[in-house]
Asker: 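Take a look at this one; I'll ask things after.
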Amino acid sequence: MYDIKQIREDFPILSRSVYGKPLVYLDNGATTQKPRSVVDAIAEEYYSVNANVHRGVHFLSQQATDLHEASRERVRAFINARSTSEIIFTRGTTESINLVASSFVESQMQAGDEVIISQMEHHSNIVSWQLQAMKKGIILKVIPINDAGELLLDEFEKLITPRTKIVSVMHVSNVLGTINPIKQIIRIAHSHNVPVLIDGAQSVPHQKIDVQELDADFFVFSAHKMYGPTGIGVLYGKEAWLDKLPPYQGGGEMIQNVSFEKTTFNVLPFKFEAGTPDYIGTTAFAKAIDYVEALGLENIAAYEHELLTYATQEMKSIKGMRIIGEAEQKSGVISFLVGDIHHFDMGTLLDRLGIAVRTGHHCAEPLMRRMGIEGTVRASFGLYNTKEEINVLIEGIKRVQTMF
């Protein structure tokens, strides 16, 4: 049973008010709220186990290390990686992409070599590669999309040449909600011996991920978008690829031996984890994984699809409503505009009604230009949202309409 009442009780913030109205939190694509178990884990470790990991021989350090590495195993099992050596802890999706872009381009690419991204990418999967292009002269090629917000796979395959060295695309669009056919993308790329990086920031909270089944070479995601703490994320990489790449940062933990003449690097995964890790965050992240797995990813996906279907139907009944992105395969995100009302005005006035939505270009300016708009209002759903909250959103939009 999917007990939404019990679920909402696990998230104390959902019971607060904003401007005297009950909070309706529909900005889950930006970050999710945290259940008590996650917050309690943070407090508990700080109060009873806090010590730096890996380096200490004393009891607290050993205990903290055990918790940290147990969290790595928890992540490995969650995405079905082959080994914990393939799980690199980072600060989040953005750092994970930057790590791959920097290390991959440095070691695997020459001037004139190509990276393929898509027209719907988040800035983190555009700018990271552009920075490398400025340094090394690599070329970015872009998979186009249709008006529904779906990738044109025929055009994708045409972009691949002997100089294509990597494909880097998002699994689910943070703006359109489009669920991209990444199995097909990976299969096409691999048929040309090209590795693939998948940005899973918007997919991991909403569906079961099996990196071995997908055959992804790299897969990245953040804890805070799946009910975990901020400042912690994951880079999964096939061990064969991670072995080939040089370290992204230097410092403690990522070394084996250091002299002024030469440094040798640590084994995986520590080669990419310079400095003190967020060992408190990794423990809390494991608790977030426990939470979503207890509910069941399949149950979460089914429930959120029901919310998406209901919200889409109700929103289309509003005069002047324009939904941006209507892919056949879609996750729980609705970006919209209403008549001539500016997205910022709509978001600001909805906020006064207690409704938290996102406005702007959502870190996807090239996508906005492709759709011929400056920005949108975005409602994004999580496992704790309800149809009643959607009704409040619908009435809120109608009320804002009357003001214009």
Side-chain angles (χ1 to χ4, degrees), residues 32 38 67-97 99-100 122 124-125 167-172 174 179-187 189-190 195-243 245 268-273 277-279 281-301 304 331 382-383:
T32 53
V38 168
L67 285 170
H68 181 64
E69 292 306 321
S71 299
R72 195 188 306 274
E73 166 57 26
R74 192 73 187 85
V75 173
R76 184 212 64 77
F78 181 61
I79 62 172
N80 193 33
R82 188 182 60 83
S83 164
T84 53
S85 296
E86 299 179 323
I87 304 299
I88 312 298
F89 284 124
T90 65
R91 290 182 300 155
T93 303
T94 297
E95 185 176 55
S96 296
I97 295 173
L99 189 164
V100 175
H122 188 281
S124 61
N125 201 28
V167 175
S168 186
V169 295
M170 58 182 12
H171 191 174
V172 174
N174 67 305
I179 302 174
N180 287 320
I182 58 170
K183 279 189 181 179
Q184 195 172 349
I185 290 168
I186 292 169
R187 187 165 60 247
H190 284 180
V196 181
L197 182 153
I198 299 297
D199 173 355
Q202 299 291 337
S203 62
V204 169
H206 308 291
Q207 58 183 279
K208 182 63 181 170
I209 299 298
D210 185 326
V211 292
Q212 292 192 72
E213 182 189 5
L214 294 175
D215 200 22
D217 300 282
F218 305 98
F219 192 98
V220 300
F221 57 101
S222 300
H224 76 98
K225 293 185 189 292
M226 57 167 293
Y227 314 98
T230 57
I232 191 75
V234 171
L235 161 63
Y236 157 80
K238 287 181 178 176
E239 194 166 347
W241 273 114
L242 294 177
D243 277 333
L245 304 186
L268 291 173
F270 310 112
K271 181 174 81 169
F272 293 104
E273 294 182 355
D278 185 0
Y279 53 86
T282 57
T283 299
F285 190 10
K287 290 295 183 182
I289 292 173
D290 290 343
Y291 189 87
V292 297
E293 287 205 325
L295 291 178
L297 269 299
E298 296 82 3
N299 296 330
I300 293 169
E304 291 178 345
S331 188
L383 57 83

Asker: Determine whether Thr32 and Met226 make a side-chain contact, defined as any pair of heavy atoms from C-beta on separated by less than 4.5 Å.
Answerer: no

Asker: Give, for atom NE2 of His206 and atom CG of Leu383, the distance between the pair rounded to the nearest 0.5 Å.
Answerer: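 So the NE2 of His206 and the CG of Leu383 are separated by 9.0 Å.
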
Asker: Can any side-chain N or O of Gln207 pair as donor or acceptor with the backbone N or O of Leu297 at less than 3.5 Å?
Answerer: no

Asker: Quick one: are Arg74 and Asp290 in side-chain contact, heavy atoms under 4.5 Å?
Answerer: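 Result yes, sub-4.5 Å side-chain heavy-atom pair found.
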
Asker: Does a side-chain heavy-atom distance below 4.5 Å link Leu235 with Phe272?
Answerer: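 Leu235 does not reach Phe272 side chain to side chain.
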
Asker: Using the test side chain to side chain contact (heavy atoms under 4.5 Å, CB included), find all partners of Thr84 that sit at least two apart in sequence or belong to another chain.
Answerer: Arg72, Glu73, Arg76

Asker: Please set out all donor-acceptor pairs under 3.5 angstrom arising from side-chain atoms of residues 213-224, sequence neighbours excluded.
Answerer:
unit_1: Glu213; atom_1: OE2; unit_2: Lys183; atom_2: NZ; d: 2.9
unit_1: Asp215; atom_1: OD1; unit_2: Lys238; atom_2: NZ; d: 2.7
unit_1: Asp215; atom_1: OD2; unit_2: His190; atom_2: ND1; d: 3.1
unit_1: Asp217; atom_1: OD1; unit_2: Lys238; atom_2: NZ; d: 3.4
unit_1: Asp217; atom_1: OD1; unit_2: Trp241; atom_2: NE1; d: 3.4
unit_1: Asp217; atom_1: OD2; unit_2: His190; atom_2: NE2; d: 2.7
unit_1: Asp217; atom_1: OD2; unit_2: Val196; atom_2: N; d: 2.8
unit_1: Ser222; atom_1: OG; unit_2: Thr93; atom_2: N; d: 2.8
unit_1: Ser222; atom_1: OG; unit_2: Thr93; atom_2: OG1; d: 2.6
unit_1: His224; atom_1: ND1; unit_2: Thr31; atom_2: OG1; d: 2.8

Asker: For Ile198, which of Asn180, Ile182, Val167 qualifies under side chain to side chain contact (heavy atoms under 4.5 Å, CB included)?
Answerer: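 Passing option: Ile182.
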
Asker: Please report the shortest heavy-atom distance between Ser124 and Thr94, naming the atom on each side.
Answerer: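 Smallest heavy-atom distance, with atoms named: CB-OG1, 3.6 Å.
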
Asker: Can you tell me how far the CD atom of Glu95 sits from the CD1 atom of Ile88, to the nearest 0.5 Å?
Answerer: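 Interatomic distance, Glu95 CD to Ile88 CD1, rounded to 0.5 Å: 11.5 Å.
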
Asker: Give the minimum heavy-atom separation between Pro229 and Ala284, together with the two atoms involved.
Answerer: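 Pro229 and Ala284 have their closest heavy atoms at CG-CB, 3.7 Å.
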
Asker: Can you name the nearest heavy-atom pair linking Ser96 to Thr90, along with the distance?
Answerer: OG-OG1, 2.8 Å

Asker: Check Ile87 against Val234 and note the closest heavy-atom contact, atom names and distance.
Answerer: CG2-CG1, 4.2 Å

Asker: Is Val204 close to Phe78 at the side-chain level, that is, under 4.5 Å between some pair of heavy atoms?
Answerer: yes

Asker: For residues 201-210, which residue pairs qualify under salt bridge (Lys or Arg N to Asp or Glu O under 4.0 Å), counting only residues two or more places apart or in two chains?
Answerer: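 Of all non-adjacent pairs touching residues 201-210, those that pass salt bridge (Lys or Arg N to Asp or Glu O under 4.0 Å) are Lys208-Glu293.
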
Asker: What are the two closest non-hydrogen atoms of Tyr227 and Gly382, and how far apart are they?
Answerer: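 In terms of heavy atoms, the two residues are closest at OH-CA, 3.5 Å.
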
Asker: Examine distances only and state if a side-chain atom of Asn174 and a backbone atom of Gln202 form a donor-acceptor pair shorter than 3.5 Å.
Answerer: no

Asker: Tell me every residue that passes side chain to side chain contact (heavy atoms under 4.5 Å, CB included) with Thr282, counting only those two or more places apart in sequence or in another chain.
Answerer: His68, Ser71, Phe89, Ile232, Tyr279

Asker: More than 12 heavy atoms of other residues, nucleotides or ligands under 6.0 Å from NZ of Lys287: yes or no?
Answerer: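 Open: at most 12 neighbouring heavy atoms sit under 6.0 Å from NZ of Lys287.
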
Asker: Please identify each residue that fulfils side chain to side chain donor-acceptor pair (under 3.5 Å) with Ser203, with sequence neighbours left out.
Answerer: His171

Asker: List for me each residue that meets side chain to side chain donor-acceptor pair (under 3.5 Å) alongside Arg82, sequence neighbours excluded, and say none if there are none.
Answerer: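 Listed in chain order: Glu239.
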
